[in-house]
Amino acid sequence: MTAPNEKPDRPKDVTNNSDGSANNERESLDFIREIVKKDLETGKFDGRVVTRFPPEPNGYLHIGHAKAICLDFGIAAENDGVTHLRFDDTNPAKEETRFAEAIMEDVRWLGFDWGDRLHHASDYFDKLYDYAVQLVKDGKAYVCDLSPEEVREYRGTLTEPGKDSPWRDRTVEENLDLFTRMRNGEFDDGARTLRAKIDMASGNLNMRDPAIYRIKRMSHHRTGDTWCIYPMYDFTHCLSDSIEGITHSLCDLDFEDHRPLYDWFLNELKTYHPQQIEFARLNVSYTITSKRKLRQLVENNIVTGWDDPRMPTLSGLRRRGYTPESIRIFCDKIGVAKRESLVDFALLEHCLREDLNVRAQRVMAVIDPVRVIIDNYPEGQVEEFEAVNNPENEADGVRMVPFSREVFIERADFMEDPPKKFFRLAPGSEVRLKHAYYITCDSVVKDEATGEIKELHCTYDPESRGGGTPDGRRVKGTLHWVSATHASDAEVHLYDKLFTRENPVEDDDFINHINPESLVCVTGCKVEPSLAKATPGMFFQFLRHGYFCVDSVEAVSGKLVFNRTVGLRDSWAKMQKQQK
RNA sequence: UGGGGCGUCGUCAAGUGGUAAGACACCAGCCUUUGGAGCUGGCAUUCCCAGGUUCGAAUCCUGGCGCCCCAGCCA
């Protein structure tokens, strides 16, 4: 420990190898990057940025964490610094190894690498204990015998000062003895705490002699039963940052009130002093990011689990088909500020589509099929048409798609009595089957009982092979299709927003705003044969529908299950909606 | 007269005394073998309000108003 009046040294063992990321050229810096830049210029932190992402392993990471992760890792990388992954595991009542593992998987999936800089607050339990002893010796901490209820009474209220604990003036010797015996397990859980001696009249409640150690007989997922006392967050966090040589400790606005305490501990202990900087957490419209509320969705079986494709968890987004790139781009676009905000969900979808548009190969899938019989096409004949895999990326090449006398088209692509501006198939109208031929609808066969359309009879123009005609005549509509004899059967899960409200937590009954159509399962879908061998992890654009991925859980033993990641923008649907 | 923050387009967000970037959304048009993508244009005479300082204010000053966070032996 540094002697008084000496400039505290920053730990030397923290400058590991660089992540080597290039500096992003930003036309304007957010307030945090501005601070970092200035600190670098003034040499405040010896020219090396060290940040940390410090989750408590008590649940799953969600889109809100993604912002923090991108910031913590991003800012360090931009400045040739490093980022630590540190589990803030000081409360064994809530923490589990499986959560820590899931968190690591999610951070890695997002595209970040902490290298060998994996840390745990629990790694520092010994050091932390020594720091606490130091505080006791310095007369800055005392053992308090007040019960939790009494502590609350003594704390005062938001507008009234608290009053000193009757145990506040114990001698150093007595405090040392009692604290040692706390550690040795001589007292019951909750019987005593170690408290910082600060100011019971402070306007900031965090400074009214906060607890720094509590007695809790509970097995810790890493330290087992070694300890029966555990340090509190405020005491642990600043010191963990200090021990690791963190330069900039970024956190939620909620911790602004805690900064004076963060600074107090480091000042009193005269140790290396990182800077805590707070920023506004991310809120996204039509979704929730409260761990407690997400847990409710899982426990009430409103969703199938933490990785349900409708969940805003990273595991849910992953299963839904979001790419890590799209989430990183999103986090970059939303910016960083101290203003409470509700970012439009449409921006997330925009980032997703932008990424998928250039990467997803196009395929044809008919979700709600209706049979089309091309009467003048030779029975038994099969042709193969060349189809471009991705017009946005020539390198993706082409594939062959079989065509025959009977094909399926989308039920919604035919109307017997179409409104104006309906460019699709209707009696007497001509459309193009993508990559194949022009067809004209001649007649409709319906189920006599239900009136449901059973099949459409059409004729094709052999001259239009490949989708164009020598006479250059144009058709307004181009439909996707799939050959009836060659199609594979598939199940499609149409996911939509989980909530119907922009801000589901505005009142406390967010469960009432669940979108009843957040999941529509469709069976009997017909997909082109190239999809027969699709496996989890693969994603596509279903032409004219949207982006879909193979579900990682339900697509087992040859069964094809696709999740709709996000639909294509649909100006026809928008037009229809406006007319209503 | 508790403390701490925040108020710039529908939503994010630049702007740091020199005359309101950008993105999403939205609207209009072009183009198109995806009603996708792409392209073009439109979209804050005004920055929570009111005074003041200044040649000049979103930026400085004064006074209001509004919103968020804090009373765990949680993080």
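Each chain gets a letter, A, B and so on, in the order its sequence line appears, and its residues count up from 1. Nothing here was measured: the structure is a model prediction, and the numbers come from that model.
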In whole angstrom, what separates [X]'s [atom1] from [N]'s [atom2]?
X: A:Leu261; N: B:G4; atom1: CG; atom2: P; answer: 16 Å
X: A:Met575; N: B:C26; atom1: CE; atom2: C1'; answer: 17 Å
X: A:Asp199; N: B:G2; atom1: CG; atom2: P; answer: 17 Å
X: A:Phe255; N: B:C74; atom1: CZ; atom2: P; answer: 14 Å
X: A:Arg259; N: B:G3; atom1: CZ; atom2: P; answer: 17 Å
X: A:Leu356; N: B:U34; atom1: CG; atom2: C1'; answer: 15 Å
X: A:Phe53; N: B:A75; atom1: CZ; atom2: P; answer: 16 Å
X: A:Asp344; N: B:C9; atom1: CG; atom2: P; answer: 15 Å

Complement of [N], any strand, by Watson-Crick or G-U distances under 3.5 angstrom:
N: B:U59; result: none
N: B:C43; result: none
N: B:U16; result: none
N: B:C65; result: B:G7

Any idea how A:His545 and A:Phe548 line up, ring-wise: parallel (<30°), tilted (30 to 60°), or perpendicular (>60°)?
perpendicular
In terms of relative ring orientation, are A:Phe510 and A:Phe499 parallel, tilted or perpendicular, with 30° and 60° separating the classes?
tilted
Quick test of the criterion, 5.5 Å between centres and less than 30° between planes. Is A:Trp572 stacked on B:G35 or not?
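Stack criterion met.
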What nucleic acid atoms does [X] come within less than 4.0 Å of, heavy atoms only: base, sugar-phosphate, or nothing?
X: A:Arg281; value: nothing
X: A:Ser341; value: sugar-phosphate
X: A:Lys338; value: sugar-phosphate
X: A:Val388; value: nothing
X: A:Pro260; value: nothing
X: A:Gln541; value: base
X: A:Phe422; value: base
X: A:Leu146; value: base
X: A:Gly468; value: base
X: A:Arg362; value: base
X: A:Ile334; value: sugar-phosphate

Going by modelled atom types, is there a donor-acceptor pair between the base of B:G35 and the side chain of A:Arg424 at under 3.5 Å?
yes
Between B:G36 and A:Glu392, counting only base atoms on the nucleotide and side-chain atoms on the residue, is there a donor-acceptor pair under 3.5 Å?
yes
Assess the side chains of A:Asp241 and A:Tyr262: does a donor N or O sit below 3.5 Å from an acceptor N or O?
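Side-chain D/A pair, A:Asp241 to A:Tyr262: present.
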Among side-chain atoms of A:Asp89 and A:His120, is any donor-acceptor pair under 3.5 angstrom?
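Distance-only check fails for A:Asp89 and A:His120.
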Please tell me if [X] has a side-chain N or O lying less than 4.0 Å from either OP1 or OP2 of [N].
X: A:His480; N: B:U34; answer: no
X: A:Thr90; N: B:A75; answer: yes
X: A:Arg214; N: B:A75; answer: yes

Contacts of A:Pro210 and A:Val475 projected onto RNA chain B by closest heavy atom; the upstream (5') one is A:Val475
When the nearest nucleotide of RNA chain B is assigned to A:Glu160 and to A:His237 on a heavy-atom basis, which residue is associated with the more 5' position?
A:Glu160
Pair [X] + [Y]: ring centers closer than 6.0 Å:
X: A:Tyr131; Y: A:Tyr124; result: no
X: A:Tyr460; Y: A:Phe403; result: no
X: A:Phe562; Y: A:Phe542; result: yes
X: A:Phe125; Y: A:His220; result: yes
X: A:Phe540; Y: A:Tyr547; result: no

Steps toward side chain to side chain contact (heavy atoms under 4.5 Å, CB included) verdict (A:Arg544, A:Leu479)
CA-CA 8 Å; A:Arg544 301 209 297 137; A:Leu479 311 186; 3.6 Å; yes
Distance between [atom1] atoms of [N] and [M] (Å, rounded):
N: B:U16; M: B:U32; atom1: C1'; answer: 46 Å
N: B:C48; M: B:U1; atom1: P; answer: 27 Å
N: B:G56; M: B:A14; atom1: P; answer: 29 Å
N: B:G22; M: B:C39; atom1: P; answer: 15 Å
N: B:C74; M: B:U11; atom1: C1'; answer: 33 Å
N: B:A23; M: B:G15; atom1: C1'; answer: 16 Å
N: B:G35; M: B:C65; atom1: C1'; answer: 48 Å
N: B:A20; M: B:U59; atom1: C1'; answer: 11 Å

Among [options], the nucleotide that comes nearest once only the side chain of [X] is considered:
X: A:Ser571; options: B:G10, B:C73, B:G36; result: B:G36
X: A:Arg544; options: B:C26, B:C74, B:U34; result: B:U34
X: A:Pro148; options: B:C26, B:A75, B:C73; result: B:C73
X: A:Lys574; options: B:A75, B:C26, B:G36; result: B:C26
X: A:Asp30; options: B:A14, B:A75, B:A25; result: B:A14

For the CD atom on A:Glu149, are there more than 12 heavy atoms of other groups (residues, nucleotides or ligands in this structure) within a distance under 6.0 Å?
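Yes.
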Testing A:Asp189, A:Asp188, A:Thr193 one by one against A:Ile215 for a side chain to side chain contact (heavy atoms under 4.5 Å, CB included), which residue passes?
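Of the listed residues A:Asp189, A:Asp188, A:Thr193, the side chain to side chain contact (heavy atoms under 4.5 Å, CB included) partner of A:Ile215 is A:Asp189.
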Tell me if B:G7 is syn or anti. Syn = glycosidic torsion within 90° of 0, anti otherwise.
anti
Summarise how protein sits on nucleotides 66-72 of chain B as a single string, 5' to 3': B when a protein heavy atom is under 4.0 Å from the base, S for sugar-phosphate-only contact, - for no contact.
--SBBBS
